[in-house]
Amino acid sequence: MTSDGVPQRTGNNLDPWYANYAERAAGLAASEVRALFAVASRPEVVSLAGGMPYVSALPQELIISSMDRVMRTDGPTALQYGSGQGIPSLREHILEVMALEGIQGSVDNVVTSTGSQQALDLVAKLFLDPGDVVLAEAPSYVGAMGVFRSYQANVVHVAMDEHGLIPEALRQTIAHLRGQGRRIKFLYTIPNFHNPAGVTLSAERRPEILEICRSNEILVLEDNPYGLLHFDEPAPNALRSLDSEGVIYLGSFSKTLAPGFRVGWALAPHAIREKLILAAESAILSPSSFSQLVVSEYLSTTDWRAQIDTFRGVYRERKDAMIEALGEYLPQLSWTNPNGGFYVWVTMPDVLDSKQMLPRAVKELVAYTPGTAFFADGRGRHAMRLSFCYPTPEAIRVGIRRLATVVNGELDLLDTFAGTGTLQLPMKPGIEPAPPTDLK
């Protein structure tokens, strides 16, 4: 204790400034996904871990020509500070993009950001006090949970199934938390081609979930980076299209163009919009004028809808390769079969631990993301997220074969040393796998 009664923290040999950090710094930690990148980037490893878009499917000449035109016609503007809200021409194009998912909005209510991750951070900064509760699907996006944790909020998971977030589970969770006197600030949801589960919230459930939140005065934070990357049927219209006052919508060009531009946006109710702009200006003064102008030029001069169709075809082929390989090499497991996005969620027998199994997988030259990365409460050990977006179909097949070596090796060891008999799930070849058990 100091003389005025404040708890004294001390430094350590690794970090002499440890005692000076704010308490919220304790919530900053490398995610399991980030920790995997150093290993997964080795060329001999088939990485089924990171959700990296396949940017090679984007013709470079489209981007080069857009950059060239921007520098020739708007060079001084592109290299200068800009508005904290973002360049108007880009915000107009963003309205065109969102219209594909039923959203009608005003240019005035769009705030561009340095990727949608920054917009997510700004919303958390505006709304979260230490001890507040954020509701999120079980499982949920690891990057979002890291943001919420950094603001000392608590993530409480709500059950989902193959049709997305379960309305009755949401009602019960809200009632339980309110009964404990806890403050719920918002529901964070990825309704389309969910990261990591791959499922999509059904059209029937969307109005019901919005009504539950509206009646309980809970804001909805809709994160939708994958919505346009459907394979067969498009996803239902966005939650924001059904409620313009109770939903903040987050979008991004990282998946439909390229993540290197770091351009995303938020569409927020008017009063929240004003605070988002102030928070953005406080954090970075303004988003990159150069990146915004290049993206705006690209959207103005190219058939960007056709390019999204190209991405859909690439990712559909890779998803099909993954599902086929899982059926061939690991039929005893269960998995989701997404209609879009980047991810398949795989569930193993309860006796297996995906986190403990990862070092052996890396030794076999395949990487995945353990399910524990996507839960705030330690669940997910018998699950894993597999990403099909970046590797070629041939590499995906090799990766799943290597993964099968690891999984079957673990099961054999348990059979041998625990005397438990076979631990394979009773699943017949050719039968569609059931949804993951921990999503029910």
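Quick caveat, the model's predicted, so the values are computed rather than measured. Numbers here simply count residues along the sequence, with the first being 1.
By the neighbour-count criterion of 12 heavy atoms within 6.0 Å, atom CD of Glu168 is densely surrounded, having more than that number from other residues, nucleotides or ligands. Enclosure of atom CD in Glu61 by more than 12 non-hydrogen atoms of other residues, nucleotides or ligands within 6.0 angstrom is indicated. The environment of Tyr390 atom OH is sparse: at most 12 non-hydrogen atoms of other residues, nucleotides or ligands sit within 6.0 angstrom.
A donor and an acceptor atom, one from each side chain of Thr112 and Gln292, are located under 3.5 Å apart. A donor-acceptor contact closer than 3.5 angstrom is absent between the side chains of Lys319 and Asn339. Between the side chains of Tyr141 and Asp223, no donor-acceptor pair is found at a separation under 3.5 Å. Side-chain polar atoms of Arg206 and Asn237 form no donor-acceptor pair below 3.5 angstrom.
Qualifying ring pair (Phe, Tyr, Trp, His ring centres under 6.0 Å) partners for Tyr298, counting only residues two or more places apart in sequence or in other chains: none. Legend: residues meeting ring pair (Phe, Tyr, Trp, His ring centres under 6.0 Å) with Phe193, ordered by chain and number and at least two apart, are absent.
Closest non-hydrogen pair, Ser83 versus Ser286, comes out as O-CB, 3.5 Å. Val107 and Arg91 get closest at one heavy-atom pair: O-NH1, 2.9 Å. Here the closest non-hydrogen pair linking Val406 and Met357 is CG1-CG, 3.4 Å. Taking all atoms of both residues into account, the shortest heavy-atom contact from Phe148 to Ala124 is CD2-CB, 4.2 Å. What you find for Arg379 and Ala138 is that their closest heavy atoms are NH2-CB, 3.9 Å. The minimum heavy-atom distance linking Ala279 with Lys125 is given by the pair O-NZ, 4.5 Å.
Counting heavy atoms from C-beta on, the side chains of Tyr188 and Ser140 come closer than 4.5 Å. Under the 4.5 Å side-chain criterion, counting only non-hydrogen atoms from C-beta, Ser354 is not in contact with Leu352. Side-chain contact check for Met67 versus Glu297: every heavy-atom pair is 4.5 Å or farther apart.
For Arg171 and Glu208, the salt-bridge test passes: some basic side-chain N is under 4.0 Å from an acidic carboxylate O. Between Arg273 and Asp108 there is no salt bridge, since no side-chain N of the basic residue sits under 4.0 Å from a carboxylate O of the acidic one.
The structure places CE of Met348 at 10.0 Å from CG of Leu330, a figure rounded to the nearest 0.5 Å.
Aromatic pair Tyr315/Phe342: ring centres closer than 6.0 Å. Ring-centre distance between Phe290 and Phe261: not below the 6.0 Å cut-off. Here Phe388 and Tyr343 keep their ring centres 6.0 angstrom or further from each other.
Counting only residues at least two apart or in different chains, side chain to side chain donor-acceptor pair (under 3.5 Å) contacts with residues 150-160 comprise Asp121-Tyr151.
Checked options Asp68, Thr302, Leu58, Val55; the residue passing with Ile63 is Leu58 (criterion: side chain to side chain contact (heavy atoms under 4.5 Å, CB included)).
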